[in-house]
There are 2 protein chains.
Amino acid sequence: MATPANLTHPDRADLNLPSVLFALSDPDRLEIARQLRAGPLDMAECALSNPDMPKSTKSHLMKVLREAGVIRNEANGRSRRLTLRTDDLEARFPGLLAAVLDAPSPD
Amino acid sequence: MATPANLTHPDRADLNLPSVLFALSDPDRLEIARQLRAGPLDMAECALSNPDMPKSTKSHLMKVLREAGVIRNEANGRSRRLTLRTDDLEARFPGLLAAVLDAPSPD
DNA sequence: GCCACAGTTCGACTTTAGTTGAACCATCTA
DNA sequence: TAGATGGTTCAACTAAAGTCGAACTGTGGC
């Protein structure tokens, strides 16, 4: 199996619209994407609605975003560097990311 | 219960981003939204990937789109008139609908 | 080396979403 | 007003997604 240190990421050409929309259709995952808009963050810096969320659950959220191609998740010392795949998403789905992240939510 | 003839639709102000993204994250539902882009259609005119889909399943797809506020579903004689809520979506989530419907999909 | 740390993965479980036949409800037509 | 038509709703089931403790892995500090 893939070692935890080397996670797989879909190629830009393989980004799939339904998967991206699904990944962003969860309030927690959407919030993560919004936080990453200003630049990469280490995983521990990513604040969620529920600060007591178990790390396995948080890791799962990241997995869904990563497998959809919304974020990159790379080893960074003992931590994890999370990066929004802005360029890839813009190239494949022009205007989509901005429209989603700029949209009012929850209200 | 609400009679089949009078379905409820969320107000523009109540449109919720995660619900809209979720509704559009299914290939069949996305396809329906795309078909409605050119203008309203009667339900029977809406062609799906699987032409043998049971009507209860098709009705369910419409329900998800309607409850998310993506489409209107109104009585039209013995049929149903489906309308994309373009203006409401644009007002609440500017650029989102166009970005989604213009995006390449499945490839 | 050993240990603490930050995160991933696994496995079992709960929850939510999708699927479908059957019953039902309006509407149109004869 | 009876029957056919086009759809919704219900109920029961299947499938998929979320949750989270426990075990595991790579890294850094001592």
Side-chain angles (χ1 to χ4, degrees), chain A residues 1-9 16 18-32 35-36 40-68 70-83, chain B residues 1-9 16 18-32 35-36 40-68 70-83:
Chain A
M1 88 187 76
T3 71
N6 290 297
L7 302 176
T8 61
H9 296 78
N16 171 265
S19 301
V20 169
L21 295 178
F22 180 78
L24 294 171
S25 74
D26 173 77
D28 283 322
R29 294 192 297 253
L30 181 61
E31 177 57 29
I32 292 166
Q35 288 183 32
L36 294 178
L41 284 179
D42 273 5
M43 189 144 167
E45 302 174 295
C46 238
L48 255 47
S49 57
N50 171 17
D52 299 331
M53 179 178 288
K55 58 182 182 174
S56 54
T57 305
K58 193 170 178 180
S59 184
H60 178 68
L61 293 177
M62 301 304 177
K63 182 182 187 183
V64 174
L65 287 166
R66 173 176 54 82
E67 290 182 337
V70 176
I71 66 172
R72 270 185 209 290
N73 179 343
E74 293 161 312
N76 180 35
R78 172 157 52 173
S79 181
R80 290 265 150 195
R81 171 58 54 95
L82 304 176
T83 314
Chain B
M1 84 187 77
T3 71
N6 290 297
L7 303 175
T8 62
H9 295 80
N16 171 265
S19 301
V20 169
L21 294 178
F22 180 79
L24 294 171
S25 73
D26 172 78
D28 282 322
R29 293 191 298 252
L30 181 60
E31 177 57 29
I32 292 166
Q35 289 183 32
L36 294 178
L41 283 180
D42 273 4
M43 190 147 167
E45 301 174 297
C46 238
L48 256 47
S49 57
N50 171 16
D52 298 331
M53 178 178 287
K55 58 183 182 173
S56 54
T57 305
K58 193 171 179 181
S59 184
H60 178 68
L61 293 177
M62 300 306 176
K63 182 183 186 182
V64 174
L65 287 166
R66 174 176 54 83
E67 290 182 338
V70 176
I71 66 171
R72 273 187 207 288
N73 179 344
E74 293 161 313
N76 180 34
R78 170 158 54 174
S79 181
R80 290 265 150 196
R81 170 61 52 95
L82 304 176
T83 314

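Computed over heavy atoms, backbone and side chain alike; hydrogens, waters and symmetry mates excluded. In what follows, every chain begins at residue 1, and chains take the letters A, B, ... in the order their sequences are listed.
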Exercise. Can you figure out which of D:dT8, D:dG7, D:dT27 approaches the side chain of B:Leu7 most closely?
Key: D:dT8

Quiz item: Within this structure, what is the CE-to-C1' distance between A:Met53 and D:dG21, rounded to whole angstrom?
Solution: 15 Å

Practice problem: Take the protein atom CD of B:Glu67 and the nucleotide atom P of D:dT8, then report the distance between them rounded to whole Å. | Solution: 12 Å

Practice problem: May I ask you to evaluate whether B:Asn73 reaches the phosphate of D:dT8, defined as a side-chain N or O under 4.0 Å from OP1 or OP2? | Solution: yes

Self-check item: B:Lys58 or A:Leu61, whichever maps to the more 5' nucleotide of DNA chain D
Solution: B:Lys58

Exercise. Write down the distance between CZ (A:Arg66) and C1' (C:dT9), rounded to a whole number of angstrom.
Key: 11 Å

Practice problem: Nearest-nucleotide wise, let me know which of B:Asn76 and B:Arg29 is further upstream toward the 5' end of DNA chain C. | Solution: B:Arg29

Quiz item: What about A:Ser56, does its side chain sit under 3.5 Å from the base of D:dG21 through a donor-acceptor pair?
Solution: yes

Quiz item: Between the side chain of B:Asp42 and the main-chain N/O of B:Glu45, is any donor-acceptor distance below 3.5 Å?
Solution: no

Self-check item: Which residue lies more 5' along DNA chain D, comparing A:Gly77 with A:Pro54 via nearest heavy atoms
Solution: A:Pro54

Quiz prompt | Side-chain donor/acceptor of A:Arg66 to backbone N/O of A:Thr8, under 3.5 Å | solution = yes

Quiz item: Can you find a side chain N or O atom of B:Thr57 that sits less than 4.0 Å from OP1 or OP2 on C:dT20?
Solution: yes

Self-check item: B:His9 side chain vs B:Glu67 backbone, donor-acceptor pair below 3.5 Å
Solution: no

Quiz prompt | Nearest-nucleotide comparison on DNA chain C, the residue closer to the 5′ end among A:Arg78 and A:Lys63 | solution = A:Arg78

Quiz item: Just by modelled atom types, is the B:Arg80 backbone N or O under 3.5 Å from a matching donor or acceptor in the B:Glu74 side chain?
Solution: no

Quiz item: Looking at the side chain of A:Arg80, which of D:dG7, D:dA17, C:dG7 is the nearest nucleotide?
Solution: C:dG7

Self-check item: For atom CD1 of B:Ile71 and atom P of D:dG7, their distance in whole Å
Solution: 12 Å

Self-check item: Separation of atom CE in B:Met62 from atom P in C:dT19, rounded to whole Å
Solution: 13 Å

Practice problem: Rounded off to whole Å, could you give me the CG-to-P distance for the B:Asp26 and C:dT19 pair? | Solution: 7 Å

Quiz item: Out of D:dT8, C:dG18, D:dG6, which nucleotide sits closest to the side chain of B:Ser79?
Solution: D:dG6

Quiz item: Roughly, in whole Å, what's the span from CG in A:Asn6 to P in D:dC24?
Solution: 21 Å

Practice problem: Without swapping roles, check the side chain of A:Asn76 against the backbone of A:Ser79 for a donor-acceptor pair under 3.5 Å. | Solution: no

Quiz prompt | Below 4.0 Å: OP1/OP2 of C:dT8 and any side-chain N or O of A:Ser59 | solution = yes

Quiz item: Within this structure, what is the NZ-to-P distance between A:Lys55 and D:dA23, rounded to whole angstrom?
Solution: 12 Å

Exercise. Would you indicate which nucleotide in C:dT19, C:dG7, C:dT27 comes nearest to any side-chain atom of B:His60?
Key: C:dT19

